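Since the structure comes first, as structure tokens, the remarks are kept for the end.
Computed from a prediction, not measured in an experiment: that's the story for all the values here.
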Amino acid sequence: MKLLIRNLARSTTEAELLTLFEAHGRVQSCDLVMDKKTMASKGFGFVEMPKIGEAKAAMKTLNGKELAGCILRVKKA
């Protein structure tokens, strides 16, 4: 299941995002969307988890969680 993570702090790294989601199960891929000109984060990204149950648990737990001063919004992509 592919999840969309919005409202990320611009300073959040892919490694931090990966660690956050790996606590809930296996992560197949983790990608931050970057601005092509500045190479800075656009504040959202995608995480793909192969097991639907783990993805739903991560979505339920992490939606509304604070990370680096921002309240995450996690939903199915």
Side-chain angles (χ1 to χ4, degrees):
M1 176 184 273
K2 193 169 190 175
L3 302 173
L4 168 65
I5 300 87
R6 299 182 70 197
N7 202 35
L8 290 168
R10 305 282 191 232
S11 61
T12 302
T13 65
E14 281 186 5
E16 291 172 321
L17 196 57
L18 182 63
T19 301
L20 191 65
F21 279 83
E22 279 181 333
H24 301 281
R26 188 168 153 262
V27 174
Q28 190 171 331
S29 66
C30 175
D31 299 300
L32 281 179
V33 177
M34 308 298 270
D35 184 280
K36 291 186 189 320
K37 289 183 182 179
T38 65
M39 292 310 294
S41 169
K42 286 191 171 186
F44 70 98
F46 297 94
V47 170
E48 195 164 353
M49 300 178 79
K51 293 186 178 178
I52 293 174
E54 292 175 352
K56 285 183 178 180
M59 186 170 37
K60 184 176 180 181
T61 304
L62 298 175
N63 188 47
K65 180 181 171 78
E66 183 180 335
L67 178 66
C70 297
I71 304 298
L72 300 180
R73 290 184 292 168
V74 183
K75 66 179 187 175
K76 186 177 176 181

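The minimum heavy-atom distance linking His24 with Ala58 is given by the pair CB-CB, 3.7 Å. The two residues Asn7 and Ile71 make their nearest non-hydrogen contact at ND2-O, 2.6 Å.
With contacts defined as side-chain heavy-atom distances shorter than 4.5 Å, the pair Arg26/Lys51 does not qualify.
Remark: Gln28 CD to Met1 CE distance equals 13.0 Å, nearest 0.5 Å. Note that the CD1 atom of Ile5 and the SG atom of Cys70 stand 14.0 Å from one another [nearest 0.5 Å]. Distance CG/Leu67 to CG/Leu17: 8.0 Å, rounded to 0.5 Å. We find the CG-CG distance between Leu8 and Leu32 to be 6.5 Å, quoted to the nearest 0.5 Å. Note that CG of Leu72 and OG1 of Thr61 are 12.0 Å apart. Values are rounded to the nearest 0.5 Å. Here the CE-CD distance, from Met59 to Glu54, works out to 13.0 Å after rounding to the nearest 0.5 Å.
In the hydrophobic clustering of this structure, Met49 groups with Leu18; members are Ile, Leu, Val, Met, Phe, Trp, Tyr whose side-chain heavy atoms approach within less than 4.5 Å, directly or through other members.
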Checklist entry - Hey, mind stepping through Phe46 and Leu4 against side chain to side chain contact (heavy atoms under 4.5 Å, CB included) and telling me if it holds? => result CA-CA 5 Å; Phe46 297 94; Leu4 168 65; 3.6 Å; yes
Checklist entry - Between Leu20 and Lys65, is a side chain to side chain contact (heavy atoms under 4.5 Å, CB included) present by the stated rule, with each step listed? => result CA-CA 11 Å; Leu20 191 65; Lys65 180 181 171 78; 3.8 Å; yes
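Judged purely by atom type and a 3.5 angstrom limit, Glu48 has no side-chain atom pairing as donor or acceptor with the backbone of Ser29. The main-chain N or O of Lys42 is never found under 3.5 Å from a side-chain atom of Asp35 such that the two would form a donor-acceptor pair.
Heavy atoms from other residues, nucleotides or ligands lying under 6.0 Å from CZ of Arg6 number 12 at most.
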